[in-house]
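In what follows, a single structure is set out as structure tokens and then discussed.
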Amino acid sequence: MRYQRPKGTADILPGESEKWQYIEETARMLFSDYRYREIRTPMFENFDVFSRTSGETSDIVTKEMYDFHDKGDRHITLRPEGTAGVVRAFIENKLYGPDVQKPVKVFYAGPMFRYERPQSGRLREFHQIGVEAFGSESPELDVEVIAMAMDLLQHFGIKDLKLTINTLGDKETRENYRQALIGYLEPHFDELSDDSKERLHKNPLRVLDSKAPEDQKFVENAPSILDYLTDNAKNHFDKVTNLLERLGINYVVDSTIVRGLDYYNHTIFEIMANSKALGSGYTTICAGGRYDGLVSELGGPEVSGIGFGLGVERLLLLMDSEKVEFPQFNPLDVYVVAIGENASLESLEVVQALRYRGFSADRDYLSRKPKAQFKSADKLHANFTITIGDKELENNTVNLKSMETGKEVSVSLNSVKNDFSAVIEKNFD
Ligand code: ATP
Ligand code: MG
């Protein structure tokens with residue numbers, strides 16, 4: 001019996017995993033400069049956490065949930081996105097309390113699960129890096145979050161980025177716009193896709209997010225939410241666009257973007273990249289927005305929030321197609337070549353002594369001939385080889401060779417074990 005990984009999942013193998021580590025480490029460092037701290041929430045939550053927050057008519061809830069009943073008959077969902085679980089944790093752990101510094105800024109990184117049709121950049125288990133900031137309605141915070149996302153992508157060497165923003169306004173804005181949209185779409189009801197027919201009255205904004213070709217011409221000519229903004233909503237959005245300009249961040253306003261989740265209001269944004277790796281044209285790799293009603297929707301106090309999620313698989317496709325150079329995986333300082341059985345025993349002591357002092361070291365475990373061992377040292381790009389044979393054992397020395405210059409010296413075994421730095425400095429600098 002041969003097993004295969006489940007459809008839509010991937011094995012991240014050595015060679016590839018170092019790229020993931022680099023991405024995660026870079027994000028961690030950048031987030032900490034912006035004073036965001038890590039939060040780790042469960043990979044699964046009660047079904048309601050997502051159905052309440054993502055919206056009953058969203059693709060995620062209607063089609064993509066990995067949900068099941070556990071042995072205790074609890075309705076469980078593997079998380080399809082990060083925000084809902086973080087909000088649940090924010091409320092449950094009372095991170096809004098008077099002693100907590102606001103805004104509360106957190107980030108997460110980890111796997112998400114959606115039952116989708118797998119294709120390039122679309123998996124069933126995929127990974128997101130995301131941030132959330134709670135407890136401030138300030139448009140400055142919206143811009144900080146957007147600037148941070150752009151900053152991160154630029155750190156990864158991605159050049160052709162397009163920032164698209166829109167506003168969903170406040171409650172009153174959305175209510176007025178909803179009516180206008182229903183009024184506009186109703187006469188075309190019969191021509192809409194089945195999904196859009198279903199959503200027209202429940203949540204007409206969803207129709208704008210439709211990917212069905214038959215809906216596209218209606219999306220293009222739909223009334224714009226920007227014509228329905230209240231003074232408050234317009235004021236917020238103007239501040240955001242102004243601040244983006246002050247920071248020199250280019251953007252385009254696209255009033256048809258609504259985002260896949262129902263909980264957004266005011267600023268929403270998508271960062272797209274233009275790359276053949278993701279298909280033709282611009283593809284979204286990072287998306288987010290403000291969700292001021294979400295915390296109370298999940299039973300918490302009226303606390304506002306804003307965040308984004310970035311798809312790591314899509315980011316990697318992009319970085320590979322842009323030929324971004326990843327830093328080299330921890331280079332090998334020393335390869336120890338042992339000639340004979342006694343030398344092999346000594347060789348383990350030597351690699352361990354080096355490792356205890358923070359050097360990376362390796363040796364042979366297949367009793368190979370010296371020639372094959374030297375080949376390994378070459379292949380692994382070792383900076384130095386140490387050779388130990390019977391003669392060296394007798395004299396308590398080793399042969400130390402720089403692989404770069406070919407220079408060889410005989411040095412004492414003890415000095416190598418106890419102070420390899422000094423040995424290098426003395427003989428090779
Ligand atoms: P799409 O319109 O492509 O389905 P979405 O609106 O469902 O995207 P979000 O829920 O906003 O995506 O998730 C944020 C990011 O996570 C996306 O921009 C993308 O990079 C990534 N992402 C979403 N779904 C998947 C998936 N199934 N596989 C890989 N990455 C994904
Ligand atoms: Mg989707």
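Small disclaimer: the values here were computed from a predicted structure and weren't measured. All ligand and atom numbering here is 1-based and tracks the order in the structure.
Atoms of ligand 1 found under 4.0 Å from any heavy atom of Arg122, numbered from 1 in the order shown, are 1 (P), 3 (O), 4 (O), 26 (C), 27 (N), 28 (N), 29 (C). Each of the atoms 18 (O), 20 (O) of ligand 1 lies under 4.0 Å from some heavy atom of Thr284. Numbered from 1 in the order shown, with element, the atoms of ligand 1 that lie under 4.0 Å from a heavy atom of Gly121 read 28 (N), 29 (C), 30 (N). Under a 4.0 Å criterion applied to the non-hydrogen atoms of Ala287, ligand 1 contributes the atoms 11 (O). Per-residue contacts place Glu116 under 4.0 angstrom from the following atoms of ligand 1 (heavy atoms of the residue considered): 24 (N), 25 (C), 26 (C), 27 (N).
Residue contacts with ligand 1, taken as heavy atom pairs separated by less than 4.0 Å, do not involve Arg124 at all.
Checked against a 3.5 angstrom limit, the closest N/O atoms of Ile60 and ligand 1 fall outside it. Considering backbone and side-chain atoms together, Ile285 places an N or O closer than 3.5 Å to an N or O of ligand 1.
Contact check on Asp194 versus Arg199 returns no salt bridge, with no Lys/Arg side-chain nitrogen under 4.0 Å from an Asp/Glu carboxylate oxygen. Under 4.0 Å is where a charged nitrogen must lie from a carboxylate oxygen, and between Arg174 and Asp170 no such pair does. Salt-bridge formation is detected for the pair Glu16/Lys19: a Lys NZ or Arg NE/NH1/NH2 atom is positioned less than 4.0 Å from an Asp or Glu carboxylate oxygen. Using a cut-off of 4.0 Å between Lys/Arg side-chain N and Asp/Glu carboxylate O, Glu191 and Lys197 are scored as not salt-bridged.
Look at Glu313 and you'll find every heavy atom at least 4.0 Å from all atoms of ligand 1. At least one heavy atom of Arg314 sits less than 4.0 Å from an atom of ligand 1.
Under the 6.0 Å cut-off for aromatic ring centres, Phe107 and Tyr36 do not qualify, their centroids lying 6.0 Å or more apart. Under the 6.0 Å cut-off for aromatic ring centres, Phe428 and Phe384 qualify, their centroids lying closer than that.
Among pairs with a residue in residues 270-322, those fulfilling ring-ring contact (aromatic ring centres under 6.0 Å, His included) read Tyr263-Tyr291, at least two apart in sequence or across chains. Among residue pairs with one or both ends in residues 292-318, those qualifying as side chain to side chain donor-acceptor pair (under 3.5 Å) are Arg52-Glu297, His127-Glu313, Arg290-Asp292; sequence neighbours excluded.
Here atom 5 (P) of ligand 1 lies nearest to Arg114 when heavy atoms of Glu270, Arg114, Glu81, Lys211 are compared.
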